[in-house]
Every structure is written in C-alpha cells, then in structure tokens.
Amino acid sequence: MTRPTDRPPFPGTAKRSGRVGLGRGFSAANSNTRITLPGSARVAAAPLVATHSANLGLNSDRLRFRMIQRLRNQGIQDERVLAAMSAVPRHLFVDEGLASRAYEDAALPIGHGQTISQPWVVARMISAMCENRIPVKVLEVGTGCGYQAAVLAQFVKEVHSVERIRGLYELARDCLRALKLVGRVRLSFGDGMLGLPNVAPFDAIVVAAAGVKIPPVLLEQLAIGGRLIAPEGGTAQRLILVERTGAAVWHREELESVRFVPLRAGTQS
Ligand code: SAH
C-alpha cells in the first residue's frame, strides 16, 4: 500500500507568479481578462496559449494519460473519477515553475504554506466518497487552488467549496474561472469547519485538511445515505470514511495512513 502524503515535499511557501494559462482543448471566456494572483502583481492573462501550456507544450496530454495509467495501477477503478482527472489540466493549478512536475504523484506547494493534494489522494478520496452513488450536491472543505473542486465538477452538478485563506480563495476563483467552472463550483471564503448550514444537507463531503477530530457540525450537514471523507489526526493521520445511515447514526471506517496540512479554525486575510 502506498503511503500518500499531502504535505509539501519541501518546506516553505512557493510564491505563485506568472499566468493562469489554458491548456489544449480549453478556451478562455475572454483572453484579455485580467487575473489577479495572490502575492504577485496584476498580470494580464496571456491569450490562450499561455506560459504554462507553452512550457509544457504538447506534453500535458501525454503526462496526464500516464498519470491516469498510474492511478489505475494503484487501484483506482472508478471510471468517472479517472475520466474527470484526465479532463482537468492539473498543471494550470500550480506555479509555472512547478508545471513540469504537476503530473507526478506528489503534493506540491501552492503558496501560503499549503499544497495541492497528491493525485492518488484526490482519486482515492473522491472514489470512496462517491462509491455506488451519484452525489448531486457536494461540499469540499479546503479549496486550496481549486484542483479537486474542478475534478469533482466534471461529474457532480453542484460543488460547494470553502477556503479559509483569502489568497487561495482568490487563486482558486481565478483558476476555475479560466476553465469556465465557476458556475458549477461555488466558492466561499470562510471557515469550512462550520460547513455551509444554508446549503446543507450534502450528499457527500470531502475535507482536504486534517483535524484532530472530524468536526461534528460537518457530520450533521451530511444527508442520510451521504458520505464524508476526511483525514483525521495530528502527526499520525488516517483517512476516515463516514456514512450517515440514519438521523442519528453514522458508520465510521478507517482507511489508509495519510499526511495532510492541518485543518484550522477561523480565516486569514
Ligand atoms: N483541495 C485542494 C487541497 C487543499 S490543501 C486540492 O485541490 O488539492 C488544504 C486546504 O485546506 C488549504 O488551502 C487550507 O488553507 C485549507 N483549510 C484548512 N483549514 C480550513 C478550514 N477550517 N476551512 C477552509 N479551508 C481550510
């Protein structure tokens, strides 16, 4: 069994710079749109073939195809998840300097001390949460750069995602806008530990950061029959899959050991 890690492979925070580009097969709503990236000056989005795709060239399709093959070899079987991950250009969600590593099975820094989740972790969490069901309304806690939300949006009608760091909320908004996914993904800036009481109940909830315990509020916001997946723990963490089987009944299962960035209360502007 692989021991996935969602922590940055190297410490420190990589500052995003450069442009949000669009890969092959993607088009911009307005190629002259100005996109603001956190921690960087305002830059104009380059017309269609921007730096990311230019640097990665035609390789991104091939690298993504290899990533999907690797995920299959690692036991991911849900074709919806594999199709969704082959449709989302992961290299557009990381800093230009890391684009060539975007299809490795690694978590990469996205700034603010946070990471984009390792592909295997994203595939595993979504597969477990969506097994034998077609969730219509999903909550993600911890948007980060928006990659996992973009994957979910490929086959889930309504994706709600909450991020507590303003710079990352804005980054995700810009990335998802460039991929024309803002309608399907509804982003909120706030403390995801509180869930979204006005939107609940959710058919599925995925938590992308580790708390010592899964917040009970989130369990309450799960629809009956719905599933929540979250890393739990401090230095030693495990993925926990919870299914709500009744008004006051939750069934809990422990899955693999993982390493995620911590779930924190409150917001950071
Ligand atoms: N979903 C991401 C991974 C994000 S990393 C992906 O697509 O790869 C985890 C994110 O959870 C970080 O951006 C962190 O800021 C955020 N986070 C941590 N605690 C949070 C909270 N209470 N509410 C919302 N976001 C939180």
Side-chain angles (χ1 to χ4, degrees), residues 5-68 70 84-122 142-151 153-154 161 163 165-182 185 187 208 261:
T5 169
D6 235 49
R7 289 257 169 84
F10 35 84
T13 63
K15 281 260 181 291
R16 275 187 73 91
S17 59
R19 297 156 173 171
V20 174
L22 298 168
R24 288 204 319 145
F26 291 87
S27 60
N30 172 359
S31 58
N32 293 318
T33 319
R34 291 188 82 79
I35 295 178
T36 310
L37 298 173
S40 69
R42 258 173 193 272
V43 291
L48 297 191
V49 182
T51 39
H52 281 62
S53 20
N55 287 348
L56 219 51
L58 302 178
N59 282 340
S60 87
D61 286 350
R62 193 163 50 86
L63 293 173
R64 205 155 44 244
F65 179 72
R66 276 210 218 126
M67 176 183 82
I68 300 302
R70 196 175 55 230
M85 290 182 71
S86 67
V88 178
R90 192 169 188 262
H91 63 284
L92 301 187
F93 290 83
V94 298
D95 187 80
E96 198 188 319
L98 291 170
S100 63
R101 298 191 50 203
Y103 297 99
E104 291 175 12
D105 199 22
L108 297 170
I110 53 173
H112 305 271
Q114 307 301 319
T115 55
I116 182 172
S117 295
Q118 181 189 355
W120 185 86
V121 166
V122 171
T143 317
C145 56
Y147 174 72
Q148 181 164 258
V151 171
Q154 302 302 309
S161 186
E163 173 55 54
I165 299 177
R166 185 173 288 282
L168 290 177
Y169 159 78
E170 289 170 356
L171 168 65
R173 187 194 56 200
D174 294 342
C175 289
L176 294 168
R177 193 175 280 160
L179 295 175
K180 292 187 177 170
L181 287 173
V182 271
V185 182
L187 297 180
V261 293

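When every heavy atom of R64 is checked against every heavy atom of P89, the shortest pair comes out as NH1-CA, 3.4 Å. The minimum heavy-atom distance linking P109 with L98 is given by the pair O-CD1, 3.6 Å. In terms of heavy atoms, A150 sits closest to F93 at CB-CZ, 3.8 Å. Of all heavy-atom pairs spanning P119 and M85, the tightest one is O-CE, 3.5 Å. A208 approaches G142 most closely through the heavy-atom pair CB-O, 3.5 Å.
D174 contributes atom CG, which lies 12.5 Å from atom CG of L92 (distance to the nearest 0.5 angstrom). Between atom CD of residue E163 and atom OH of residue Y169 there is a gap of 11.0 Å, rounded to the nearest 0.5 Å. The distance from atom OG1 of T143 to atom CD of E170, rounded to the nearest 0.5 Å, is 12.5 Å. Rounded to the nearest 0.5 angstrom, I165 CD1 and L171 CG are separated by 11.0 Å. Rounded to the nearest 0.5 angstrom, T115 OG1 and L108 CG are separated by 8.5 Å. Summarising the geometry, atom CZ belonging to R173 is positioned 13.5 Å from atom OG belonging to S161; distances are rounded to the nearest 0.5 Å.
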(Q) Walk me through whether I110 and D95 qualify under side chain to side chain contact (heavy atoms under 4.5 Å, CB included). (A) CA-CA 7 Å; I110 53 173; D95 187 80; over 6 Å; no
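Residues passing the side-chain contact (heavy atoms from CB on, under 4.5 Å) test with A153 are V159, L181, R184, V185, sequence neighbours excluded. Residues meeting the side-chain hydrogen bond (donor to acceptor under 3.5 Å, both in side chains) test with E104, sequence neighbours left out: R101.
Remark: the backbone N or O of A102 is paired with a side-chain donor or acceptor of R90 at under 3.5 angstrom. Formation of a donor-acceptor pair under 3.5 Å by the D105 side chain with backbone atoms of W120 is found in this model. Side chain of Y147 to backbone of V88: no donor-acceptor contact under 3.5 angstrom is found.
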